[in-house]
Structure formats: structure tokens, C-alpha cells
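As the structure lists them, so they are numbered: ligands from 1, and atoms in each ligand from 1. Worth saying up front: this structure is predicted, and the values here are computed from it rather than measured.
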Amino acid sequence: MTLASTFSGAHDFFSSGTWFVIRNLLLFFVVIFWLATAYWVYKDARRRIEDPWLVAMSVVLGLIPPFFGALVYMLFRPPEYLDDVRERQLEIKAIEERIAAVDLRCPVCHAEVDSGYLVCPVCTTKLKQACVSCGAPLEPIWQVCPYCETPIEPAVPGAPPALGTRRARRTIS
Ligand SMILES: [Zn+2]
Ligand SMILES: [Zn+2]
């Protein structure tokens, strides 16, 4: 086979239908891959970015310029997933609540008590009045039960003293 026939053979190949099919297939795969990278950017951006406009802008960047835009997005995307950020915020909130709960102590024996306790389980000091209707623990300054809207009657004489009075009596004696 001579050089000329090789060239003519190559020329025949490139002008043949086979070459067009191969070229179109290659183009097709490039376009599919391009759209796939943009879709990946969309999925990733949705997990990291809350603002829908920023997500849309990320997708546009993922499309234009092709492939390179997705690379730029990867360099500048937020480092954390939104789920992780929310989880951490919940954890911080739980820790704060735990710290706040530790501060709740019985005024008499200083045992740790829950905000929902009616009496101190250690020394049986009456901590809170219970709602007559729903039984929810009530704060001394409340005028009405926030859970069932039942008006709270002021403590009658002879009834178990509220937290403040019991404490005051104890300091006097
Ligand atoms: Zn106590
Ligand atoms: Zn109530």
C-alpha cells in the first residue's frame, strides 16, 4: 500500500457515512456528559444552598461554560450540606436546653428538678400549682393556664403554699 493510497483511503473514510455516524455519536456523548455535569451541579447545589436563586445560578454556571463551569462551582460551593448545618444547630440547641435545665433546682434542697415538676421528688416541696382543668404545671405569675385557657384562681388560704411563700416562711423560721 503506497502513501497516496493511504491518504486517499483516509479521505474516503472521513467523507464516508461511517465517520459521520462516529462523529455524531461522539458529539451526542459529549452533550449527554455536559448535561449530566449540570444535573450533578443542580443536585449538589440543592443540598448545600438554601436560596433557590443561587441554586439556579449554580446550574447556569454548571452549563456555561461546559464542564469548566462545574469545576468552578466545585471550587466555590459551600463546604457543608444543609442537613449537617441543621443537625449541628439542633445539637447546639439541645446542649443549651440541657444547660438551662441544670439551673432549675429545688429552692429547699437544691436537688435538680424539671420545669414540669409539681413537687420536688427529693424533699416533697410544692414547686408549682397544677391546672385544675388539664393538670399542667403553672408558673406562679400566670393568670391563665396557657394550655387550656382555664383562669387560675389565686391560692386560697390553707392550700399548699406557692413556691415564694414557702421559701419566705422557711427563711423566717
Ligand atoms: Zn427539694
Ligand atoms: Zn390547663
Side-chain angles (χ1 to χ4, degrees), residues 32-64 67-173:
I32 289 286
F33 190 62
W34 170 50
L35 291 176
T37 52
Y39 180 63
W40 174 83
V41 167
Y42 166 69
K43 277 209 316 185
D44 193 78
R46 265 210 341 193
R47 292 184 67 187
R48 292 172 194 271
I49 303 167
E50 210 152 5
D51 187 358
W53 278 106
L54 281 176
V55 174
M57 277 171 67
S58 304
V59 174
V60 170
L61 182 68
L63 283 167
I64 307 156
F67 310 115
F68 185 69
L71 210 71
V72 172
Y73 165 78
M74 275 176 75
L75 293 176
F76 291 102
R77 68 183 178 180
E80 276 183 306
Y81 287 134
L82 288 171
D83 285 350
D84 293 343
V85 174
R86 283 190 201 115
E87 202 175 302
R88 200 183 53 230
Q89 281 168 347
L90 280 177
E91 267 169 26
I92 291 169
K93 212 181 147 202
I95 290 167
E96 280 173 353
E97 274 168 9
R98 222 175 298 148
I99 291 166
V102 165
D103 288 336
L104 274 175
R105 284 175 185 279
C106 168
V108 178
C109 70
H110 300 287
E112 277 182 27
V113 290
D114 194 88
S115 59
Y117 287 179
L118 295 174
V119 293
C120 170
V122 178
C123 69
T124 70
T125 300
K126 181 89 179 165
L127 298 173
K128 275 172 190 171
Q129 222 182 322
C131 172
V132 288
S133 173
C134 71
L138 304 171
E139 294 294 334
I141 56 163
W142 289 352
Q143 305 285 323
V144 65
C145 172
Y147 306 102
C148 69
E149 290 185 76
T150 304
I152 300 161
E153 279 140 46
V156 282
L163 198 66
T165 50
R166 170 79 179 244
R167 204 179 184 180
R169 206 179 292 163
R170 212 183 143 82
T171 17
I172 294 159
S173 59

Discussion item. Test of geometry: compute the angle SG(Cys148)-the Zn ion (ligand 2)-SG(Cys134) and round it to 10°.
Written reply: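 For SG of Cys148 and SG of Cys134, the angle centred on the Zn ion (ligand 2) reads 110°.
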Worksheet item: To the nearest 10°, what's the angle at the Zn ion (ligand 2) between atoms SG (Cys145) and SG (Cys131)?
Response: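 Approximately 110° at the metal, rounded to tens of degrees.
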Practice prompt. Taking all heavy atoms of Gln129 and all of Ile152, pick out the closest pair and write down the distance.
Written response: OE1-CG2, 4.4 Å
Practice prompt. Taking all non-hydrogen atoms of both residues into account, name the closest pair between Val132 and Thr150 and its distance.
Written response: CG2-CG2, 4.1 Å
Worksheet item: What is the SG(Cys120)-the Zn ion (ligand 1)-SG(Cys109) angle, to the nearest 10 degrees?
Response: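 Rounding to the nearest 10 degrees gives 110°.
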Practice prompt. Can you establish whether the number of heavy atoms outside Ile92 located under 6.0 Å from its atom CD1 is more than 12?
Written response: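 Count over threshold, so yes.
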Discussion item. Show, in sequence, the C-alpha distance, side-chain angles and deciding distance for Met57 and Val60, and conclude whether the side-chain contact (heavy atoms from CB on, under 4.5 Å) test is met.
Written reply: CA-CA 5 Å; Met57 277 171 67; Val60 170; 5.6 Å; no
Fill in: Metal site the Zn ion (ligand 1): N/O/S of Cys123 inside 2.8 Å
yes
